[in-house]
Amino acid sequence: MPGRLEPEPLPRRDFLGLSAIWSAILAFVAAALGAVRLPMPAVFPESNSRVKLGHAERFPRGSATHLSDLRIWVYHDAAGLYALSSVCTHLGCVAGRSKDGTFKCPCHGSVFDVAGKVVAGPAPKRLNPLELSLAPDGQIVVDTRRFTGAESRLKV
Ligand code: FES
């Protein structure tokens, strides 16, 4: 009975050559997948521009509430609620609010009055009033990317 032929072991040099080729192919496929995925953003900035601020009781009439994480001030005057961005319209620094209610930008010295209008400095336009609305659950919602008119108020 003739003996079975054993497969010849792969020579070390061929094994290393095949390993290098397969490694190169895998690296190319991974790079191609990454290149295909690159134009797709991992974060959709529009999706988180609307933020719930809580219920109206958080902002009593006559109050000025600073929400530093959002860089906004929320005011409640006789006409209703309104929100003002404290981001300077010059180059985007955060303007600080003084005790008298005016805003001063620490970067290049722009000054804004209590309503956000430019009083001095290089800022080209007023601080942006932000759109407020009511969520179905009754909470106040601010859209940090939607600007509204300076006279706009949310009646609560
Ligand atoms: S960034 Fe505010 S004045 Fe320049």
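Quick note: residue numbers are just sequence positions, from 1. Heavy atoms only: backbone and side chains are in, while hydrogens, waters and symmetry mates are out. Start at 1 and go down the list; that is how both ligands and their atoms are numbered.
The closest approach of His90 to atom 4 (Fe) of ligand 1, by N/O/S atoms, is made by ND1. In His108, the N, O or S atom that comes nearest to atom 4 (Fe) of ligand 1 is ND1.
Heavy atoms of Ser110 found under 4.0 angstrom from ligand 1 belong to the backbone as well as the side chain.
Counting only heavy atoms of the protein, atom 1 (S) of ligand 1 lies nearest to Leu91 N, 3.3 Å.
Cys105 lies close to atom 2 (Fe) of ligand 1, since one of its N, O or S atoms is found at a distance under 2.8 Å. At least one N, O or S atom of Cys88 sits under 2.8 Å from atom 2 (Fe) of ligand 1.
Residues meeting the side-chain contact (heavy atoms from CB on, under 4.5 Å) test with Leu16, sequence neighbours left out: Arg12. Here Ser152 pairs with Thr148 under the side-chain hydrogen bond (donor to acceptor under 3.5 Å, both in side chains) rule; sequence neighbours left out.
Between Arg126 and Asp113, none of the side-chain N atoms (NZ, or NE/NH1/NH2) sits under 4.0 Å from a carboxylate O, so this pair counts as no salt bridge.
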Given side-chain contact (heavy atoms from CB on, under 4.5 Å), test Asp143 with Leu130 step by step and report yes or no. CA-CA 6 Å; Asp143 192 326; Leu130 301 171; over 6 Å; no
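Side-chain contact between Leu132 and Ile140: present, with at least one pair of heavy atoms (C-beta onward) separated by less than 4.5 Å.
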